[in-house]
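Reviewing the structure listed below.
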Amino acid sequence: MKYNPQKIEKKWQKIWQKKRVYEPNFTPRQARGKKKLKRPFYNLMMFPYPSAEGLHVGNMYAFVGADIYGRFKRMQGHDVFEPIGLDGFGIHSENYALKIGKHPADQAKISEKNFYRQLRMIGNGFAWEERLETYDPEYYKWTQWIFVQMFKSGLAYRKKQAVNWCPSCKTVLADEQVIAGECERCGTAVVKKELEQWFFKIIDYAERLLNNLEKIDWSEKIKVAQRNWISKSEGAVVKFPIPNFQFPIEVFTTRADTLFGATYVVLAPEHSKIENLKLQIENWEEVKRYIAGAKNKSEAERIAEGLEKTGVEIKGIKATNPATGEEIPIFVADYVLAGYGTGAIMAVPAHDQRDFEFAKKFNLPIKMVICPNYPEPKCPVLERAYEEEGYLVASNEFTGMFCQKAKNAIAEWLAKKDLAEKKTTFRLRDWLISRQRYWGAPIPLIFCETCRHEGRGERKDMPGWHAVPEKDLPVKLPHIKDFRPTGTEKSPLAIVEKFFKVRCPKCKSWARRETDVCDTFLDSSWYYLGYLMASENWKLKIENSAFSRLARKWLPVDMYIGGAEHAVLHLLYVRFVAMALRDLGFIHFEEPFKKFRAHGLLIKDGAKMSKSKGNVVNPDEYIRAYGADTLRMYLMFLGPFEQGGDFRDTGIRGITRFLERIWKLTHSVILTPPRRGKNLKRSFGQSPQDDLNKALHKTIKKVTEDIENLQYNTAISSLMILVNELEKQPSLEIENWKLVIKLLAPFAPHIAEELWSQSASPERGRRDEKGSVHLAKWPKFNPKFIKEETFTLIVQINGKVRDLFEAPAGISREEAARLALGREKVKTWLAEKEAKKIIFVPGKLINIVG
RNA sequence: GCCCGGGUGGUGGAAUGGUAUACACGAAGGACUUAAAAUCCUUUGCUCGCAAGGGCAUGUGGGUUCGACUCCCACUCCGGGCACCA
């Protein structure tokens, strides 16, 4: 019989599904009845969004890598839950539907079928019965339910502010979705628009999101990215009074020590105070023009300008430096960001490069107050801002103080006069959650004009707004013909009367539904809970104890694998939502994933895969040509899973050869009974059987350790080394060979299953072999077999390898030195010289220094 | 500009501070074949040498060490992330 991957892969995929091999036990009660309660293990991978081209080989790379880990855990005796689903709601799916002129709901059905077909082909141990799609009303009912909880608890709020707007996608975007001023999805330059939008208060959780990073076992680079994104700054808010005006300008600074060098104040163009000061501003027209111009600029334009600073002085008013009492000018400039700190800064051109450039351009005084050398202040002439540490100069009683110390001293001095206050600020902004698009979960809120008028509402701070009562969820997305984005700052649902016209849940008068939909990242912020709900056909409720029991058994997720590109998107939101749900008492944990590992990027022939380059690998054709097992193993053999790999067509043959050799070897083992009792003794006293055990158990150890560390490439290579060895063995027993099949099983599940079943013919069959190899026990290595009796002792002379010989394992330093010095080569190399020093590393080498 | 990765044969890549180049691909030669494919065997970092054997090589330059791909310093190139965050 020849190895025919296509045939056996289809066969086993069917059998697995029929026998429910990969379906875990969900209810604790059921499990108790069984003789052995298996330890649950939730093995999660980031679910894909069903894209235009079908499953990308990069997806397959990620899924296979995650699956190997899951299969490994299953064989180690865990009850593994490895679900899969589709993240099909959202702009990406809708954009594709628009492009090909289909309705997103119809396209979803097509994509769904295609994706599930492809996902079945790759041979993962998915729990298919719990699959889910985010556009399924059963699912988004709970997306909406979460929104309602956020609203009721005050974590969702509505606010008008300058937000990111993508003119091509015709919707607002979250900060996390803007990459270098461009839309994450389509690459169009994002513009700022003043709009009223829904936000989630993720900033309230900034501190916890930051602190918890210490407690979770995640890829370090993701933690670093999150830390940088949240970016905590400790400083002070300092008041700069405006003469003849009631309110001072408040600035945020982390460098209170430089306060005596603050020679002007800058407000962001969006700063609210400017409007209030209108009557006192002499050049109001000019200021107004500048503000309008700045607001119209796209994010990308601002970045493109680079360090070229622009701004306008606000004439007619001055600010008082609270430290010096000096009156200093006030500017409006777009290098100051409205959304950070207080939206205003004190400019210290001598010690901040941006302020320095601005001051140079506008000829403003540059006053040095920090000097590297003290007490002899010979301050250098500045060519750029001096941002390093130093001692204060020209700062009254603080002169001579080291800057770190002065920071606190000055802040406290001003605090006593009520002119300053310590403050911690985060760079993280609140999560903008509403989208002016069609293909998403409608935001489940209703606005009632009557209630607003009478000051009623679910929340005191938001009169007129009501959550859709939970019994009315889901708010179904209506099937409308014209789903195209309007570009009018409103969703296409805003003109669908049968959708938005609704009775107020409170006063029953006619009211209006919110017509924006939720950001896709809300869909994916809780899907790991969804899979558990799917196990009971969506009959469970998050708030009920039945769900809670299930969650306590399975959550938090034990292992989560996905792409690093979601470091500050999905991976941040999902943590935030879990914390919020925990605080509301719905779940028992605040970190959803105990362990997260980011896989590397798969490239093709040294270049990134992209549609425009035309080098995107479609897994279908490779599976058709070589089989899923070969492709799986090839992908994993390319390089370390966490680093990625370079896909080259030529390499695949090596894996095909390897699997064919395994196939052949199995049959020769089955057909040729071992010649017992004929083991020839060797000169070292080790029989071929000892050698075989050693090779076998070393490999078991190596493969086990490598899988645990996701080093699949070296695990596969050690399997290859073992097979090379075993092919030379005259007497290979089937029981030993079966250990190899087990080691192979996570990587090449189909061929392993086929060979397992073939080797377990009834007359040979044992209990372990009746079922699937994937439920068989993962082999344990026996340290006794690995123990070496001799080793290769390396002999170095002055650090260079000159000789080597076999030595007994426990050889002493003296004995090793004696043997080494007696060797011909050593004598030659050492010539007449004495050995000055001898370094001996037990079990490794001896270095003779002459 | 800042923060992460990374630089090793013709290629993908291995190496707890201890034989650098495992494993695989490719290439060359051979066996089998009428022939080809497949398969199997041998060789394969560069270099000097008939050989035995030697010298040189892990981006560059220094350092620590008996010994450095591995640790430290400086630089350089490539990939990724963030980007006027006061």
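The model shown is predicted, which means the values in this text are computed figures rather than measured ones. First the proteins, then the strands, lettered A, B, ... as listed; each starts at 1.
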Inset, instruction - Assign the ring pair A/Tyr622 / A/Phe647 to parallel, tilted or perpendicular, where the plane angle (0 to 90°) is split at 30° and 60°. - result: perpendicular
Considering only the [atom1] atoms, how many Å lie between [N] and [M], rounded to the nearest integer?
{"N": "B/rA14", "M": "B/rA24", "atom1": "C1'", "result": "11 Å"}
{"N": "B/rU70", "M": "B/rG18", "atom1": "P", "result": "11 Å"}
{"N": "B/rC2", "M": "B/rG13", "atom1": "P", "result": "29 Å"}
{"N": "B/rC77", "M": "B/rG67", "atom1": "P", "result": "32 Å"}
{"N": "B/rG10", "M": "B/rG62", "atom1": "P", "result": "24 Å"}
{"N": "B/rU64", "M": "B/rC72", "atom1": "P", "result": "15 Å"}
{"N": "B/rC50", "M": "B/rU33", "atom1": "C1'", "result": "37 Å"}
{"N": "B/rA20", "M": "B/rA83", "atom1": "P", "result": "46 Å"}

Legend entry - OP1 or OP2 of B/rA38 under 4.0 Å from side-chain N/O of A/Lys664: no
Counting side-chain heavy atoms from CB outward, which of [options] is closest to [X]?
{"X": "A/Arg648", "options": "B/rA14, B/rU11, B/rC25", "answer": "B/rU11"}
{"X": "A/Tyr335", "options": "B/rG13, B/rC84, B/rC40", "answer": "B/rC84"}
{"X": "A/Trp229", "options": "B/rU19, B/rC84, B/rA83", "answer": "B/rA83"}

Legend entry - Value in whole Å for how far the C1' atom of B/rC4 lies from CD of A/Glu565: 16 Å
Inset, instruction - Would you kindly give the CD1-to-P distance between A/Ile652 and B/rU11, to the nearest whole Å? - result: 20 Å
Under 3.5 Å for both donor-acceptor distances, Watson-Crick or wobble: does [N] have a partner, and if so which one?
{"N": "B/rG9", "value": "none"}
{"N": "B/rC40", "value": "B/rG30"}
{"N": "B/rC71", "value": "B/rG63"}
{"N": "B/rG79", "value": "B/rC4"}
{"N": "B/rU16", "value": "none"}

Inset, instruction - Calculate, to the nearest 0.5 Å, the distance between atoms NZ and CD belonging to A/Lys295 and A/Glu270 respectively. - result: 6.0 Å
Inset, instruction - Kindly check if the number of other-residue, nucleotide or ligand heavy atoms within 6.0 Å of CD (A/Glu725) is above 12? - result: no
Inset, instruction - Could you tell me whether A/Leu845 contacts a base, only the sugar-phosphate backbone, or nothing, with contacts defined as non-hydrogen atoms closer than 4.0 Å? - result: base
Only pairs under 3.5 Å count here: list side-chain donor-acceptor contacts from residues 633-646 of chain A, not counting sequence neighbours, and write none if there are none.
{"residue": "A/Tyr634", "atom": "OH", "partner": "A/Arg648", "partner atom": "N", "Å": "3.1"}
{"residue": "A/Tyr634", "atom": "OH", "partner": "A/Arg648", "partner atom": "O", "Å": "2.6"}
{"residue": "A/Asp646", "atom": "OD1", "partner": "A/Asp605", "partner atom": "N", "Å": "2.7"}
{"residue": "A/Asp646", "atom": "OD1", "partner": "A/Gly606", "partner atom": "N", "Å": "2.9"}
{"residue": "A/Asp646", "atom": "OD2", "partner": "A/Gly606", "partner atom": "N", "Å": "3.0"}
{"residue": "A/Asp646", "atom": "OD2", "partner": "A/Arg648", "partner atom": "NE", "Å": "3.0"}
{"residue": "A/Asp646", "atom": "OD2", "partner": "A/Arg648", "partner atom": "NH2", "Å": "2.7"}

Inset, instruction - Decide whether a cation-pi geometry holds between A/Lys309 and A/Phe358; the criteria are a distance under 6.0 Å from NZ or CZ to the six-membered ring centre and an angle within 45° of the ring axis. - result: no
Inset, instruction - Syn or anti for B/rG80, please, going by whether the chi angle lies within 90° of 0. - result: anti
